[in-house]
Amino acid sequence: MEAKKEIIADKAKIAISSLTANETNYFLEMLPEIKETILDGVRNLKLGPTLNDEVEKYFSACLDHTCMGGKMTRGLTVLLTVKCINNQKELEGKLLKSASILGWCVEIMQAFFLVADDVMDSSHTRRGKPCWFRLPTVLFANAINDSIFLCCSIYRLLHRYFSMEMELYPLLFDLLQEMSFATVIGQHLDTNALPKDDYNFESVTPSHYSAIVRHKTAYYSFYLPCALGMLLAGLREASIFDRTKAVCMELGEYFQTQDDYLDAYAPSEILGKIGTDIEERKCSWLLLQALERISPEEKAQLTCFYGNKDAEKIQWVKDLYKKYKLSDVYKEYEENQKPRISALIKAVNHAGLQIGLTKLLDKIFKRP
Ligand code: GRG
């Protein structure tokens with residue numbers, strides 16, 4: 001019932017231009033079948049009637065809580081990509097179903113990362129509700145296990161729906177594996193970017209920032225859904241994948257920069273979460289920009305205050321960002337992204353993909 005209510009709420013919230021209401025609704029309404037396929041795995045374990053019910057109920061709630069409430073951009077991007085490759089022909093039948101299943105694989109991967117990320121960052125809210133690990137019935141130990149459950153569920157879905165597709169299955173499998181591998185490495189870079197003994201912020205450089213955000217965000221958020229759609233639509237030419245990847249790396253870096261900016265500047269009601277980048281001592285785009293502008297005295301003070309949970313110290317850092325008008329610096333950065341990324345999109349040697357990638361850029365450009 002709760003999941004149904006959320007599906008209806010999400011229908012109002014999510015949209016990607018060029019996907020019809022029919023296509024978007026089909027994707028959302030696949031969730032109950034996706035859940036059934038995953039929970040069937042629990043039933044197959046034959047834990048006994050009481051345990052079976054208990055475990056099924058727990059993981060059903062886990063899937064509802066962690067997979068719903070987002071913008072679904074990643075999942076819908078799979079549909080968008082397939083549609084653009086097929087000359088904007090309305091998706092239907094088996095192709096719509098397959099694209100939707102792969103879309104859910106990416107959304108479940110997003111849920112897997114977000115559950116783990118919220119534990120690592122001690123976050124409080126996500127998508128306007130408490131983080132999964134904050135629920136009294138869940139807590140840290142379960143949340144770690146549940147993030148792995150979400151990861152395993154992706155491969156369960158893939159096997160159930162694609163294992164008979166002899167050529168496609170290993171390609172999809174390898175891609176999903178590779179992208180989660182890159183993300184885990186990105187998360188490692190992110191977690192260890194700014195060690196406590198780096199008093200001078202020497203590790204905060206544009207190239208280090210780029211490596212972190214491309215690995216932790218761009219691969220799974222942009223390249224993965226595009227490449228899944230490309231494989232499903234039958235594309236196999238390596239150069240098309242390479243050029244699409246180059247665009248996706250830029251889109252992902254821009255998207256993560258937005259995320260870093262919004263972490264300090266957007267109200268938590270809009271963000272759906274409370275930003276923690278300052279107290280978590282993150283190698284954020286805002287920190288990078290501040291370091292290029294502040295005085296040696298301010299830098300010495302920042303060393304003491306950055307990474308501290310004290311509200312006044314967090315406010316001091318935010319005031320420093322204000323003093324150096326980082327909001328204006330960000331707006332200028334954002335304006336430059338559209339022409340820069342559009343030029344890269346023109347180099348993609350597939351007309352349909354050029355349209356799809358442009359729609360993706362439009363979708364994220366100046367997002368709140
Ligand atoms: C624990 C095995 C293990 C792996 C950890 C946690 C992790 C790997 C990676 C974290 C990657 C991560 C969460 C990057 C942030 C990406 C980001 C900007 C997410 C927010 O995306 P939105 O705004 O969210 O699209 P919605 O809610 O709309 O889905």
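Ligands are counted one by one from 1 in listed order, and the atoms in each one are counted from 1 as well. Please read these numbers as outputs of a predicted model, since none were measured by experiment.
At a heavy-atom distance under 4.0 Å, only side-chain atoms of Leu114, from C-beta outward, approach ligand 1. By the criterion of a heavy-atom distance under 4.0 Å, both the backbone and the side chain of Asp117 are placed next to ligand 1. Residue Glu107 does not touch ligand 1, judged by heavy-atom distances below 4.0 Å.
Residues Phe201 and Leu194 come closest through the heavy atom pair CD2-CD1, 3.7 Å. Heavy-atom minimum distance, Leu91 versus Glu23: N-OE2, 2.7 Å.
Ligand 1 places these atoms under 4.0 Å from at least one heavy atom of Asp259: 18 (C). Residue contact check: Gly70 has heavy atoms under 4.0 Å from atoms 26 (P), 27 (O), 28 (O) of ligand 1. For ligand 1, the atoms closer than 4.0 angstrom to any heavy atom of Tyr220 are 16 (C). Close contacts of ligand 1 with Gln256, meaning ligand atoms under 4.0 Å from a residue heavy atom, involve 15 (C), 16 (C), 18 (C).
In terms of protein heavy atoms, atom 3 (C) of ligand 1 is closest to Phe112 CE1, 4.1 Å. Scanning the protein for heavy atoms near atom 14 (C) of ligand 1, the closest one is Lys216 O, 3.6 Å. Nearest protein heavy-atom neighbour of atom 8 (C) of ligand 1: Phe113 CD2, 3.5 Å. Remark: minimum distance from atom 1 (C) of ligand 1 to any protein heavy atom is reached at Ala116 CB, 3.6 Å. Considering only non-hydrogen protein atoms, atom 25 (O) of ligand 1 sits nearest to Arg74 NH1, 2.7 Å. Of the protein's non-hydrogen atoms, the one nearest atom 4 (C) of ligand 1 is Val184 CG2, 3.7 Å.
Figure legend: cation-pi geometry between Arg340 and Tyr254 absent, as NZ or CZ is not positioned both under 6.0 Å from the six-membered ring centre and within 45° of its axis.
For Arg127, a nitrogen or oxygen atom sits less than 3.5 Å from a nitrogen or oxygen atom of ligand 1, counting backbone and side chain alike. Considering backbone and side-chain atoms alike, Ser221 places every N or O at 3.5 Å or more from each N or O of ligand 1. Of the polar atoms of Gln110, at least one N or O is found under 3.5 Å from an N or O of ligand 1, judged by distance alone. Close N/O approach between Lys71 and ligand 1 is found [any backbone or side-chain N/O within under 3.5 Å].
Of the candidates Gln256, Glu253, Gln187, Gln256 is the only one forming a side-chain hydrogen bond (donor to acceptor under 3.5 Å, both in side chains) with Thr217.
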Inset, instruction - Dump the intermediate steps for salt bridge (charged side-chain N to carboxylate O under 4.0 Å, His left out) on Asp259 and Lys273, then the final yes or no. - result: CA-CA 11 Å; Asp259 200 72; Lys273 61 179 183 177; 3.7 Å; yes
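Tyr209 OH to Gln289 CD: the interatomic distance, rounded to the nearest 0.5 Å, is 9.0 Å.
Residues Ser221 and Arg74 bring a donor and an acceptor atom of their side chains to less than 3.5 Å of each other.
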